[in-house]
Protein chains: 2
Amino acid sequence: MDMPINSQDKETLTTLDKIERARQARRNKFYLRDEHITLSHGSGGKATHNLIEGIFAPAFSNPLLDRLDDAAVFTPAPDHESVRMAFTTDTYVVNPLFFPGGDIGRLAVHGTINDLAVAGAQPLYLSAGFVLEEGFPIAHLRRIVESMAAAAREASVAIVTGDTKVVQRGKADGVFINTAGVGVVRSKRTIGQDQLRPGDKILLSGPIGDHGIAIMLARDMLDLECEICSDSAPLHTLVADLLKVAGDGVHSMKDPTRGGVATALNEMAMTSEVAILLDESAIPVRPEVRGACEILGLDPLTIANEGKLLAIVAPEVADRALAAMHAHPQGKDAAIIGTVQATPASMVFLRTEIGGTRVLDMLVGDPLPRIC
Amino acid sequence: MDMPINSQDKETLTTLDKIERARQARRNKFYLRDEHITLSHGSGGKATHNLIEGIFAPAFSNPLLDRLDDAAVFTPAPDHESVRMAFTTDTYVVNPLFFPGGDIGRLAVHGTINDLAVAGAQPLYLSAGFVLEEGFPIAHLRRIVESMAAAAREASVAIVTGDTKVVQRGKADGVFINTAGVGVVRSKRTIGQDQLRPGDKILLSGPIGDHGIAIMLARDMLDLECEICSDSAPLHTLVADLLKVAGDGVHSMKDPTRGGVATALNEMAMTSEVAILLDESAIPVRPEVRGACEILGLDPLTIANEGKLLAIVAPEVADRALAAMHAHPQGKDAAIIGTVQATPASMVFLRTEIGGTRVLDMLVGDPLPRIC
């Protein structure tokens, strides 16, 4: 039987050729050679893409999934073409459960809100699915759940349905939380990683790497005399302000979580068959995060963020898009960090601070497992 | 800020008083005394309700969640009142991953389809969130994913968005899968566990206990000379046939999974403030399941099913509802197993085969952890 994709999703169908070409390109680039799951398969980087292309994408293939955007956008009923809904999911396995700037509960609410927001959706409702390990302290669970509830309240979303499973001691790690989310999309334009066009400007809402480094510090992997907090935050009001001023000029958005900015932009460049040129000196990074990265040999561009927005916008709206970000508390350090070019297709380049230019690949390996 | 519950959800609001009374009743009946999570908290029975009432329900409280139905039903946008969507989630931690009649992948697709179906929704789209343990064989993952894809295809639903996380060896158990689902509700009438009325008939679509006993056999907990298969199956076409003939006469539906028929009916009786009287001799149970239950000291009424439908319908439509079930392959052994009475409110009784009547409580403890 056919998949219930409404034929009314015309925008989706007109870009199917491009999506199909991008699928072929991904299949050529990503190939699953492993026989067992490794931590790298959860990195969000190359190995995750190998797993997606090797197993999930071919098995589940359908026009909505094939876009591989952060959320799927659909019309719920053929007789109501003007309503479009966004739908997304994420599971959170972060370790430790509590860290400076947040906890697994806040992260689970913010992360799924953000996947809806970058699809241009107003987040409405979340589900919450818990896997609990036998012996987990009820007091910790209560603290996490109250934190989720507060995060949802602050963001005006409601957790409307849920599920709880328990597994034996040693068969999980305290608590894992899945949240799925639905939202309503008001704009008619498709916002997605296949929408980048030569000339577009790359906007970043603030300094990168805070979440990843905060988690490392919480794991005592670094003995630094500073406290770096996770940037865990909901992005939907920032996105709403951006859409208000830049409208159809907003071509694509992503929250660069696992794999960081480098991975997010590589995914976009590949799917849109364009080149992205970044200006390293324009990319905001806190000095303490930069310092920690240097000590650990990490690149801030591949480190996870949980409250940062990448927006790719038409050049004519770039200045007012940046002004809208600057006017929002979460975007006060926003910057234009690069541009989109026609060629060489599917590649990301970094113009370094010392004047050279190097290829910026997506994350390979996993320096920080269980970051979210 | 207020929760984004559309004031247009009039039916929801008119039953708020009843929901509020049921909340009070649940709070009086269920109380969380434990300091640590035990396997019983995952049973779906009394301890799970203690956890829900002690932690989740008060923290997340909102009109959609407070109904505690298997799916939340909402209008996505105030200007599109006539579209109603259902949204649900479940995580699957079944052990073993492969068992007679199914595997964790099929279960994850069927279970979430069924939670949408019993809300009267046509299932449209699923999400899939995987937690993988380091070292898990890729070949097993492939088999599970292909099984999910086949189950989705068979049921005409599409898996449109997903997520994969990996945790270290010993921090999970092979694979856990969360699926959330969205569907569209065509009927205007609220179908829910608060809708039972005195005189209603209780219909059950077929023999109970198959899934639970199949899992026990797969765990080698019983050395029986028979193969009992899980009943894992999607219920949405059976529900559609039922709604076609019985329409607004269908007051409530549930798929009795964890905690079995006894727990599902107790939840309904409590929320609707009615009594339910069951006729034990009318309840279909396969002889081999009955035999296994006798050996193990289990009650088939508290054992999980994954492809059975409980429907509570108005007396005037009961016969044609039963006929519609009989005409469907999944309902050929359907039976009317009981009736709803006004008093004593919030209780379930079983008229036994030897002529006595006993109170039938929901599941206490957890004889079969990780059944789904």
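Everything numeric here is computed off the predicted structure, so don't read it as measured data. Residue numbers begin at 1 in each chain, while the letters A, B, ... track the order of the sequences.
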| Does any non-hydrogen side-chain atom of Val131(B) lie less than 4.5 Å from one of Val131(A)? | no
| task | Side-chain contact test, heavy atoms from C-beta onward, threshold under 4.5 Å: evaluate it for Val166(A) versus Asp366(B) and give yes or no. | result | no
| Can Arg142(B) and Leu32(A) be said to form a side-chain contact (heavy atoms from CB on, under 4.5 Å), step by step? | CA-CA 11 Å; Arg142(B) 195 182 295 279; Leu32(A) 188 67; 4.0 Å; yes
| Are there residues of residues 41-50 of chain A that reach to under 4.5 Å of chain B by heavy atoms, and which ones? | His41(A), Gly42(A)
| task | Return yes if some donor-acceptor pair links the side-chain N/O of Asn62(B) with the main-chain N/O of Ile159(A) below 3.5 Å, else return no. | result | yes
| task | Find out whether Ile37(B) and Ile138(A) are in side-chain contact, i.e. whether some heavy atom of one side chain is under 4.5 Å from a heavy atom of the other. | result | yes
| Partner chain A: residue of Ile55(B), Asn95(B), Thr38(B), Leu68(B) with the largest heavy-atom pair count (under 4.5 Å) | Ile55(B)
| Spacing of CG belonging to Leu39(B) relative to CG belonging to Leu132(A), to within rounding of 0.5 Å | 11.0 Å
| task | Under 4.5 Å heavy-atom distance to chain B, tell me which part of Ile52(A) shows up: side chain, backbone, both or neither. | result | neither
| said: Do Phe60(A) and Met148(B) make a side-chain contact, defined as non-hydrogen atoms from C-beta onward lying under 4.5 Å apart? | reply: yes
| said: Among Ala59(A), Gly183(A), Ala71(A), which residue has the highest count of heavy-atom pairs closer than 4.5 Å to chain B? | reply: Ala59(A)
| task | Report the distance from atom OH of Tyr125(A) to atom CE of Met85(B), rounding to the nearest 0.5 Å. | result | 11.5 Å
| note | In terms of heavy-atom contacts, Pro76(B) and Leu124(A) come closest through O-CD1, 3.4 Å
| request: Would you mind checking which part of Glu133(B) comes under 4.5 Å of any heavy atom in chain A, side chain (CB onward), backbone (N, CA, C, O), both or neither? | output: backbone
| task | Against chain B, work out which of Asp70(A), Val184(A), Leu51(A), Thr164(A) has the most heavy-atom pairs shorter than 4.5 Å and name it. | result | Thr164(A)
| query | Pick from Ala139(A), Gly162(A), Gly174(A), Pro369(A): which one has the most heavy-atom pairs with chain B under 4.5 Å? | reply | Gly162(A)
| Which is it for Phe74(A) and Val160(B) under the side-chain contact (heavy atoms from CB on, under 4.5 Å) test, yes or no, and what are the steps along the way? | CA-CA 10 Å; Phe74(A) 59 90; Val160(B) 295; 5.5 Å; no
| note | Partner of Asp163(A) under side-chain contact (heavy atoms from CB on, under 4.5 Å), picked from Thr88(B), Thr112(B), Thr91(B), Asp115(B), is Thr91(B)
| Interchain contact, Ile177(B) with chain A, by part (heavy-atom threshold 4.5 Å) | neither
| With a 4.5 angstrom heavy-atom cut-off, which part of Arg258(B) approaches chain A: side chain, backbone, both or neither? | side chain
| Do you know which of Asp66(B), Asp69(B), Leu126(B) has the most heavy-atom pairs under 4.5 Å to chain A? | Leu126(B)
| said: Let's test your reading of the structure: which of Gly129(A), Gly54(A), Gly135(A) forms the most heavy-atom pairs below 4.5 Å with chain B? | reply: Gly135(A)
| remark: Among Ala72(B), Ala172(B), Pro137(B), the residue with the most heavy-atom pairs under 4.5 Å to chain A is Ala172(B)
| task | Check whether any side-chain heavy atom of Arg370(A) sits under 4.5 Å from a side-chain heavy atom of Lys171(B), and report yes or no. | result | yes
| request: Report yes if some heavy atom in the side chain of Phe176(B) is under 4.5 Å from a heavy atom in the side chain of Val167(A); otherwise report no. | output: yes
| task | Report yes or no: is the cationic atom of Lys165(A) (NZ for Lys, CZ for Arg) closer than 6.0 Å to the six-membered ring centre of Tyr92(B), at no more than 45° off its axis? | result | yes
| message | Side chains of Leu141(B) and Phe56(A), heavy atoms from C-beta outward: is any pair under 4.5 Å? | response | yes
